[in-house]
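One structure below.
In this chain, residues are counted from 1 in sequence order.
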Amino acid sequence: MIGGIMDPAIWGFLGAILGALVGGIASVGISLIATREKLKMVKMERQDRINIEVVSFQRETLLALQDELISNMRYLFKFKDFLMEDFSAMLELGAMRPLLDEELVEHLMKKNASTAVLIQRILNEELRTRLIELKDSMFYCQSATSAEECAEYWKKSEELYGECSKSIGKQLRKTYELNDLTLFNT
C-alpha cells in the first residue's frame with residue numbers, strides 16, 4: 001500500500017477473486033435453474049404419458065361398456081316376453097318366483113357382474129351414478145315378482161339406456177378431442 005491507496009495489483013487480485021466468486025455463484029445458479037426446469041419438463045412429460053394412458057383406458061372402458069350395455073339390453077329384450085309368460089306359469093303353479101332356467105339366471109348374473117365392474121371404472125361421477133341406476137333397473141326387471149313390476153323396470157331401463165348411451169357417446173368424443181382428464185368431470 002502506497003500512501004493509503006492500495007496497489008493496483010492488489011485491486012486486480014481482489015477483482016479476479018471476486019469475479020471468480022461471482023461467476024461461480026452465477027454458474028451454480030444457472031445450473032440449478034436449468035436442473036429445475038429439466039425436472040419440471042420430465043414431470044410434465046411423465047404426467048402427459050400417464051394422462052394419455054388414463055384417457056386411453058377410459059376410452060377402452062367406455063367402448064367395452066357400450067358393447068356390454070347393448071348386449072344386456074338385447075338380452076333383456078329377448079327374455080322380457082319370456083319373463084312375462086313365466087309370470088303366468090308362476091301364477092298357475094302357485095310359485096313365489098318366476099320359473100327361469102338356471103342357465104339363464106347364471107348368465108344374467110355374470111352379465112350384471114361384468115357390467116358392474118366396467119361401471120366402476122368410469123371417471124365421470126354423474127355418468128357412473130346414472131349407469132348404476134341403469135344396471136339396477138335392468139337387474140330389477142330380471143328379478144321382478146310380477147308382470148307389472150317387470151314392465152315398469154323395463155320402461156325405466158329403456159329410458160336410462162337412452163340417456164346413458166348419449167352420455168357415453170359424449171364422453172367418448174371427449175377422449176378423441178383432447179387427452180385431458182378434466183374433460184371427464186363435465
If I take atom CG from residue Leu21 and atom CD1 from residue Ile25, how far apart are they, to the nearest 0.5 angstrom? 4.0 Å
Counting distance only, does the side-chain N/O of Ser31 pair as donor-acceptor with the main-chain N or O of Ser27 below 3.5 Å? yes
As a quick check of understanding, evaluate side chain to side chain contact (heavy atoms under 4.5 Å, CB included) for Gln171 and Ile122, giving each step before the final call. CA-CA 10 Å; Gln171 294 295 309; Ile122 300 299; over 6 Å; no
Is the backbone of Leu127 close enough, under 3.5 Å, to the side chain of Asn124 for a donor and an acceptor to pair up by distance? yes
Counting only N and O atoms by type, is there a donor-acceptor contact under 3.5 Å from the side chain of Ser165 to the main-chain atoms of Gly162? no
Side chains of Ser114 and Glu68: is there a donor and an acceptor less than 3.5 Å apart? yes
As an exercise, state the distance from CG of Asn51 to CE of Met44, rounded to the nearest 0.5 Å. 11.0 Å
Quick check on the hydrophobic clustering: are Leu172 and Leu118 connected, directly or via other members, by side-chain heavy-atom contacts under 4.5 Å? yes
For the CZ atom of Arg46 and the CG atom of Leu39, what is their distance to the nearest 0.5 Å? 9.0 Å
Mind checking whether His107 and Lys111 have side chains closer than 4.5 Å, heavy atoms only? yes
Whether Glu159 and Lys156 form a salt bridge (side-chain N of Lys/Arg under 4.0 Å from carboxylate O of Asp/Glu) is what I want to check. no
Once you round to the nearest 0.5 Å, how far does CG of Leu160 lie from CG of Leu69? 10.5 Å
Hphob cluster co-occupancy, Tyr140 + Ile119, side-chain heavy atoms under 4.5 angstrom: no
Treating Arg74 as the side-chain partner and Ile70 as the backbone partner, does any N or O pair qualify as donor plus acceptor under 3.5 Å? no
Over-ring placement of Arg121 relative to Phe57, 6.0 Å and 45° cut-offs: no
If you round to the nearest 0.5 Å, how far is CZ of Phe77 from OH of Tyr161? 13.0 Å
Does Tyr153 offer a backbone N or O that forms a donor-acceptor pair with the side chain of Ser157 under 3.5 Å? yes
To the nearest 0.5 Å, what is the distance between SG (Cys150) and NZ (Lys155)? 14.5 Å
Check Glu125 with Arg128, please: is the shortest side-chain N to carboxylate O separation under 4.0 Å? yes
Looking at every non-hydrogen atom in both residues, tell me the closest pair between Glu133 and Arg130 and how far apart they are. OE1-NH1, 3.0 Å
Report the C-alpha distance between Met138 and Leu134 in whole Å, list the side-chain angles of each, state the deciding distance to 0.1 Å, and finish with yes or no for side chain to side chain contact (heavy atoms under 4.5 Å, CB included). CA-CA 6 Å; Met138 292 169 77; Leu134 171 59; 3.8 Å; yes
Keeping the roles fixed (side chain from Glu149, backbone from Cys141), state whether a donor-acceptor pair exists under 3.5 Å. no
Side chains of Glu158 and Met73, heavy atoms from C-beta outward: is any pair under 4.5 Å? yes
Can you check side chain to side chain contact (heavy atoms under 4.5 Å, CB included) on Val54 and Leu123, steps first, answer last? CA-CA 10 Å; Val54 168; Leu123 289 176; 4.0 Å; yes
Just wondering, do Leu63 and Ile168 contact through their side chains at under 4.5 Å, heavy atoms? no
Are Leu65 and Tyr176 connected in the hydrophobic side-chain network, where two residues link if heavy atoms are under 4.5 Å apart? yes
Quick one: are Tyr75 and Leu108 in side-chain contact, heavy atoms under 4.5 Å? yes
Would you find more than 12 non-hydrogen atoms of other residues, nucleotides or ligands less than 6.0 Å from Phe139 atom CZ? no
